[in-house]
**Student:** 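Next up is a structure, given as structure tokens.
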Amino acid sequence: MSTTHYRIVNFGIEVTLPDGCDATTWLPTAEPFRVAAMTEQPILHFSVLGLSADQAVRFGEAELLTEDRNDMGIVRLMRSGEELLIEQRFRSTEAMNRMVLNKVRNEAKVALHWEAPNSQEALSSLLRAAYAIAVIGHRAVSIHASAISYRDEAILFLGKSGTGKSTHADLWIRHGEGATLLNDDNPTLRLEGDRVMAYGTPWSGKRACYRAIGLPVRGVVRLSQGAINSYRKLEEAEAFMALLPSCSALLNDEKTEDRLCDLLGEVSQRTRIGHLSCRPDEEAYLCCREGLGYEA
């Protein structure tokens with residue numbers, strides 16, 4: 001077994017792979033986050049095993065919490081005692097990958113079908129799931145968003161699939177001088193003292209943008225398509241509900257739910273949260289820019 005260390009959102013992550021499995025090959029998007037060693041205790045120990053009889057991930061009788069089926073495959077979330085079990089399978093194969101998380105969610109053991117199609121993608125997806133669960137206990141949340149860097153601040157765009165998060169990010173990059181992409185799928189929000197920070201991660205959807213940097217958040221904007229461009233500031237419950245649907249967290253685990261609610265309550269108080277009804281044009285960028293308080 002060989003162990004590789006990463007620092008993602010300044011959190012230590014330890015990944016152990018079987019001998020002969022090179023982390024650079026199997027987790028290439030994590031390379032910008034790789035470190036030679038860590039002095040701090042990792043928040044997540046992620047160990048990947050083979051599927052031999054003596055190595056298979058074992059679990060007892062499990063209660064099904066959620067099941068997600070789509071054109072990519074199937075993901076099941078289950079609970080066995082205080083442990084969590086995630087099963088994942090792509091449509092292109094019958095091979096079912098399994099991951100067990102211990103009761104404090106800082107240790108994950110994975111049984112992966114190495115020879116199956118999409119095994120590299122499966123490994124990255126399971127690591128992302130374990131990471132998203134682990135960081136909730138450390139005042140951070142993985143969030144489905146497109147994030148940009150502008151004037152040394154981060155702006156995050158949320159919305160349902162197909163709403164135009166990447167399109168709106170591109171409007172800022174095209175028209176906002178110096179704006180660049182921070183992450184196009186799964187940035188992380190973290191509370192650090194009184195500040196809300198946004199960080200790049202190894203998971204950025206279809207656009208390769210794996211930046212190991214963090215920036216203070218200027219604002220978070222939930223998008224919807226509309227006939228006119230209109231920005232509205234959100235407060236209290238509306239701000240909370242604008243954030244919640246985009247969070248990558250377990251909503252069937254009471255302890256996780258409580259931590260997430262406390263976190264989002266603080267985030268909504270400490271940064272701008274808004275809703276932008278928009279068209280995909282330059283005026284939408286200008287409307288959003290004004291709503292976030294940037295001077296012309």
Side-chain angles (χ1 to χ4, degrees), residues 9 29 70 128 132 140-190 195-235 237-249 264 267-268 270-296:
V9 192
T29 64
N70 54 44
R128 179 178 63 179
V141 61
S142 178
I143 191 163
H144 182 50
S146 187
I148 63 163
S149 166
Y150 180 66
R151 296 187 177 181
D152 297 321
E153 296 178 308
I155 305 168
L156 281 74
F157 305 113
L158 317 180
K160 295 180 180 179
S161 179
T163 301
K165 297 183 292 294
S166 296
T167 299
H168 195 74
D170 285 340
L171 288 173
W172 279 76
I173 293 168
R174 186 178 308 125
H175 301 293
E177 184 178 355
T180 58
L181 189 66
L182 175 61
N183 184 277
D184 200 37
D185 192 53
N186 274 105
T188 293
L189 289 177
R190 184 181 182 186
R195 296 197 307 176
V196 181
M197 299 287 292
Y199 286 85
T201 71
W203 305 284
S204 187
K206 296 178 180 179
R207 290 208 286 189
C209 185
Y210 312 109
R211 301 179 66 186
I213 65 170
L215 295 168
V217 175
R218 176 74 173 200
V220 181
V221 182
R222 189 156 196 93
L223 304 176
S224 64
Q225 297 177 353
I228 61 171
N229 296 308
S230 175
Y231 179 92
R232 183 169 63 91
K233 184 180 179 182
L234 303 180
E235 302 280 3
E238 274 194 305
F240 179 92
M241 291 307 300
L243 296 169
L244 182 62
S246 297
C247 293
S248 300
L264 295 186
V267 169
S268 62
R270 298 182 188 282
T271 193
R272 297 172 177 85
I273 312 292
H275 174 262
L276 180 70
S277 175
C278 61
R279 305 187 303 263
D281 57 20
E282 183 180 359
E283 185 185 71
Y285 150 73
L286 293 171
C287 180
C288 186
R289 190 175 184 278
E290 180 180 0
L292 291 174
Y294 287 108
E295 296 180 1

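Atoms considered below: every heavy atom in the structure, side chains included; atoms not considered: hydrogens, waters and symmetry mates.
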**Student:** Calculate, to the nearest 0.5 Å, the distance between atoms OG1 and CG belonging to Thr271 and Leu189 respectively.
**Tutor:** 8.5 Å
**Student:** Okay, side chain of Arg190, backbone of Tyr199: is any donor-acceptor separation there less than 3.5 Å?
**Tutor:**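 Here the side-chain-to-backbone pair does not exist.
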**Student:** What distance separates Leu243 CG from Ile143 CD1, expressed to the nearest 0.5 Å?
**Tutor:**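 Atom-to-atom, Leu243:CG and Ile143:CD1 are 5.5 Å apart.
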**Student:** Minimum heavy-atom separation for Ser277 to Gly226, with atom names?
**Tutor:** OG-CA, 3.4 Å
**Student:** Please list all pairs passing the salt bridge (Lys or Arg N to Asp or Glu O under 4.0 Å) test where one or both residues lie in residues 220-232, with sequence neighbours left out.
**Tutor:** Arg232-Glu238
**Student:** May I have the step-by-step check of side-chain contact (heavy atoms from CB on, under 4.5 Å) for Thr201 and Ser142, ending in yes or no?
**Tutor:** CA-CA 9 Å; Thr201 71; Ser142 178; 6.0 Å; no
**Student:** Is the backbone N or O of Thr180 less than 3.5 Å from a side-chain atom of Ser149, with the two atoms forming a donor-acceptor pair by type?
**Tutor:**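 No, Ser149 side chain to Thr180 backbone: no donor-acceptor pair under 3.5 Å.
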**Student:** Just to verify, what does Ser230 make a side-chain contact (heavy atoms from CB on, under 4.5 Å) with, not counting sequence neighbours?
**Tutor:** none
**Student:** I need the minimum non-hydrogen distance between Leu181 and Ala147, along with the two atoms involved.
**Tutor:**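 Nearest heavy atoms, Leu181 then Ala147: CD1-O, 3.5 Å.
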**Student:** Any salt bridge (Lys or Arg N to Asp or Glu O under 4.0 Å) pairs touching residues 140-168, not counting sequence neighbours?
**Tutor:**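 Sorted result for residues 140-168: Glu153-Arg218.
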**Student:** Partners of Glu295 by salt bridge (Lys or Arg N to Asp or Glu O under 4.0 Å), sequence neighbours excluded?
**Tutor:** none
**Student:** For residues 174-188, pull every pair meeting salt bridge (Lys or Arg N to Asp or Glu O under 4.0 Å), keeping only residues two or more places apart or in separate chains.
**Tutor:** Arg128-Asp185, Asp184-Arg207
**Student:** Are the side chains of Leu264 and Cys247 in contact, using a 4.5 Å heavy-atom criterion?
**Tutor:** yes
**Student:** Which atom pair, heavy atoms only, marks the closest approach of Cys288 to Phe157?
**Tutor:** SG-CE2, 4.1 Å
**Student:** Below 4.5 Å, heavy atoms only, C-beta onward: do Leu292 and Tyr150 meet side chain to side chain?
**Tutor:** no
**Student:** Just verifying a value: how many Å separate Leu156 CG and His144 NE2, rounded to the nearest 0.5 Å?
**Tutor:** 12.0 Å
**Student:** Which heavy-atom pair separates Ser204 from Asn183 by the least distance, and what is that distance?
**Tutor:**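 For Ser204 versus Asn183, the nearest heavy atoms are CB-ND2, 3.6 Å.
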**Student:** Using only heavy-atom distances, determine whether the side chains of Ser146 and His168 contain a donor-acceptor pair under 3.5 Å.
**Tutor:**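 The criterion, which ignores hydrogens and geometry beyond distance, is not satisfied for His168 and Ser146.
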**Student:** Distance from Leu223 atom CG to Tyr231 atom OH, nearest 0.5 Å?
**Tutor:**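 It comes to 10.5 Å.
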**Student:** I need the minimum non-hydrogen distance between Ala169 and Ile148, along with the two atoms involved.
**Tutor:** CB-CG2, 3.7 Å
**Student:** Locate the shortest heavy-atom distance separating Ala242 from Ile273; write the atom from each residue and the value.
**Tutor:** CB-CG2, 4.1 Å
**Student:** For the OH atom of Tyr285 and the CG atom of Leu276, what is their distance to the nearest 0.5 Å?
**Tutor:**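 Interatomic distance, Tyr285 OH to Leu276 CG, rounded to 0.5 Å: 13.0 Å.
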**Student:** With sequence neighbours excluded, give me every salt bridge (Lys or Arg N to Asp or Glu O under 4.0 Å) pair touching residues 281-290.
**Tutor:**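 Every salt bridge (Lys or Arg N to Asp or Glu O under 4.0 Å) pair that includes a residue of residues 281-290, provided the two are not neighbours, is Arg279-Asp281, Arg279-Glu283.
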**Student:** To the nearest 0.5 Å, what is the distance between CG on Leu286 and CH2 on Trp172?
**Tutor:**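 One gets 9.0 Å once the value is rounded to the nearest 0.5 Å.
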